[in-house]
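As structure tokens, the structure follows; a few thoughts come after it.
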Amino acid sequence: MPSFDFFNYQNNELFCEQVKVKDIIEKVKTPAYVYSKNSILKHFNEIRDAFAEASPLICFSVKSNSNLSICKILADAGAGFDVVSGGELYRVLKLGVSPDKIVFAGVGKTSEEIKYALENDIFMFNVESQSELANIDRIASDLNKTARIALRINPDIDPNTHVKTTTGKKENKFGIDFVIAEQIIKDIKNYRNIDLKGIHVHLGSPIYEPEPYVLALEKVNKFLQEVLDDKDKQRIEYINIGGGYCISYTGEKVKRPLAFATEIIPVVKKLGCKVIMEPGRFIVGNAGILVSRVTYTKVSSWGKKYIICDAAMNDLVRPSIYEAFHRVWPVNTDVPMPEVEMSYKVQSARLNQQRDMSDELELVDIAGPVCESSDVLAKERWFPKVKEGDLIAIFSAGAYGFTMSSTYNTRPRTCEILVDGGNISTIRRRETYEDLIAGEEEFLNER
Ligand SMILES: *Cc1c(COP(=O)(O)O)cnc(C)c1O
């Protein structure tokens, strides 16, 4: 059986580190997110070691997994944080993270958020427009502060990922194009409370090849050579190369951080800047699973089979909005999970031997209970025969899983569980029905 990232099968049972997933679920019920602490640390160390030569400040992308206990693990390991809202900033400040390890990105920071960040002396704003820069300058002046900023460049590079997770092409709302960036740099003295410290580039996610990073950084380098005089060059002290490092969702081998670092570091060296990185998915993506229970199985008269489980698009929205692929497999099964699991269409094209598998496996859609046709977690998969009450695991759910969850259909958000060796701890309790109406109930009698 394949073993990956601290989730593996032993004697037909799925373990997270040294704990049986079934045992966790007996205590906490389903659906539940289960994370492996040592997997998180392993990934953090791997990316840090890969880029060690550039000694980057690694700012964990909070939006990928914002749970306080997860952020605490990374803070203790020495990470900084990349936040994209006042709420995320609040979270990391709550942890006591040093403000000089916090960078703030996002295309629409409000005046309140900017003020909050300035009052707390965060390290840097990644600025995405002239209007935003003027606003930060004004607020910094009111507060008698200087705001450190990096210009987020939109280099118009295609990172070859899903259109909805592409951020560095000219049709995307993110960043500043080179022409405007040049104007800003030329006018920078007019922004009296701004200290231009660096350049930021984030292309999108997940990115499977180093080339887009290299191309983007080459473009930035060329731009800086052309536009900056020597004095200005000195002030570009930092290059923030963003996040986007891929993980394997299928079990297929994908490039590891070292492969990215080998190509990226030489270009970064040409720039002669200190490096900031903002990985999210790579650190937590394969460190978490979503565990769900089969509620019903259902067959149509034309033979289509559905497994209806108690996790839904509100718990894990990536398949619905990005057509994302997550491996799914029963928690207890004597059918080995394939080394590489792919969608039926890919499988058919590659193997063309599905009929041999049909004794143990059946072709199913795995769907949740939400009233939307897009509430399908896995489409057309060859899956071991399961029955009502069986547990299934949805893999690679540690990034953009819980953080993108909602209470749609008035479904309480799941609990989050952290495993460390043989220890299990709850790091977020399951929401209750009372939680869901808490902000509304008080207004009922006023009307
Ligand atoms: C989302 C985001 C990241 C993290 O991307 P990952 O794919 O999770 O590594 C980094 N930087 C910015 C600005 C982002 O918006």
Side-chain angles (χ1 to χ4, degrees), residues 40 43-44 46-48 50-51 56-67 70-71 74 79-85 87-89 92 101-109 113 117 122-129 132 149-155 157 159-162 164-169 172-176 198-210 212-213 216-217 238-249 254-257 260-261 264 275-288 318 321-322 324 396-404:
I40 295 169
H43 293 125
F44 177 73
E46 181 176 342
I47 200 159
R48 188 194 52 198
F51 283 87
L57 172 63
I58 299 180
C59 292
F60 173 63
S61 171
V62 175
K63 76 177 190 289
S64 67
N65 190 319
S66 60
N67 185 286
I70 304 271
C71 291
L74 291 163
F81 294 89
D82 159 40
V83 301
V84 293
S85 71
E88 288 189 353
L89 178 56
V92 294
K101 286 184 160 180
I102 302 173
V103 296
F104 192 165
V107 74
K109 302 174 198 78
E113 289 174 319
I122 64 155
F123 184 40
M124 221 181 277
F125 293 88
N126 296 327
V127 172
E128 308 219 6
S129 65
E132 184 196 341
I149 67 122
L151 292 180
R152 177 169 181 176
I153 299 284
N154 182 329
I157 293 283
N160 298 315
T161 192
H162 194 276
K164 289 189 183 164
T165 54
T166 294
T167 61
K169 288 188 70 182
N172 302 131
K173 69 178 177 178
F174 297 100
I176 299 168
I199 299 289
H200 173 242
V201 195
H202 172 72
L203 299 173
S205 173
I207 302 173
Y208 290 91
E209 295 294 333
Y213 292 91
L217 291 170
Y238 290 90
I239 177 79
N240 182 334
I241 61 176
Y245 307 94
C246 62
I247 61 170
S248 178
Y249 281 99
V254 297
K255 290 196 170 157
R256 311 287 311 188
F260 287 88
I264 292 171
V275 179
I276 303 172
M277 307 173 59
E278 303 171 331
R281 187 190 313 272
F282 178 77
I283 294 174
V284 288
N286 272 333
R318 299 187 68 256
I321 64 172
Y322 305 139
S396 310
Y400 308 102
F402 186 89
T403 51
M404 293 182 94

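In each ligand, atom 1 is the first atom listed, and ligand 1 is the first ligand listed. Here, residue 1 is the first one in the sequence, and each next residue gets the next number.
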(message) Checking a contact table here: which protein heavy atom is nearest atom 2 (C) of ligand 1, and how many Å away?
(response)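 For atom 2 (C) of ligand 1, the nearest protein heavy atom is Lys63 NZ, 2.3 Å.
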(message) I need the nearest protein heavy-atom contact for atom 7 (O) of ligand 1: residue, atom name and distance, please.
(response)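 Checking every protein heavy atom, the shortest distance to atom 7 (O) of ligand 1 gives Ser205 OG, 2.3 Å.
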Strictly under 4.0 Å, does any heavy atom of [X] approach an atom of ligand 1?
X      : value
Ala399 : no
Tyr400 : yes
Pro279 : yes

May I ask you to list the atoms of ligand 1 that are less than 4.0 angstrom from any heavy atom of [X]?
X      : value
Ser61  : 1 (C), 2 (C), 3 (C), 4 (C)
Glu278 : 3 (C), 4 (C), 9 (O), 10 (C), 11 (N), 12 (C), 13 (C)
Arg281 : 6 (P), 7 (O), 8 (O), 9 (O)
Gly280 : 6 (P), 8 (O), 9 (O)

Within the side chain of [X], is there an N or O that forms a donor-acceptor pair under 3.5 Å with the backbone of [Y]?
X      : Y      : result
His162 : Tyr322 : yes
Asn160 : Tyr208 : no
Thr167 : Leu203 : yes
Glu113 : Lys109 : no
Glu88  : Lys63  : yes
Asn65  : Gly398 : yes

(message) Test of understanding: given a 4.0 Å heavy-atom threshold, classify the contact between Asp82 and ligand 1 as side chain, backbone, both, or neither.
(response)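 The part of Asp82 near ligand 1 is the side chain, not the backbone.
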(request) Assert yes or no for the condition that the ring centre distance of Tyr238 to Phe123 is strictly below 6.0 Å. (result)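 Under 6.0 Å, so yes.
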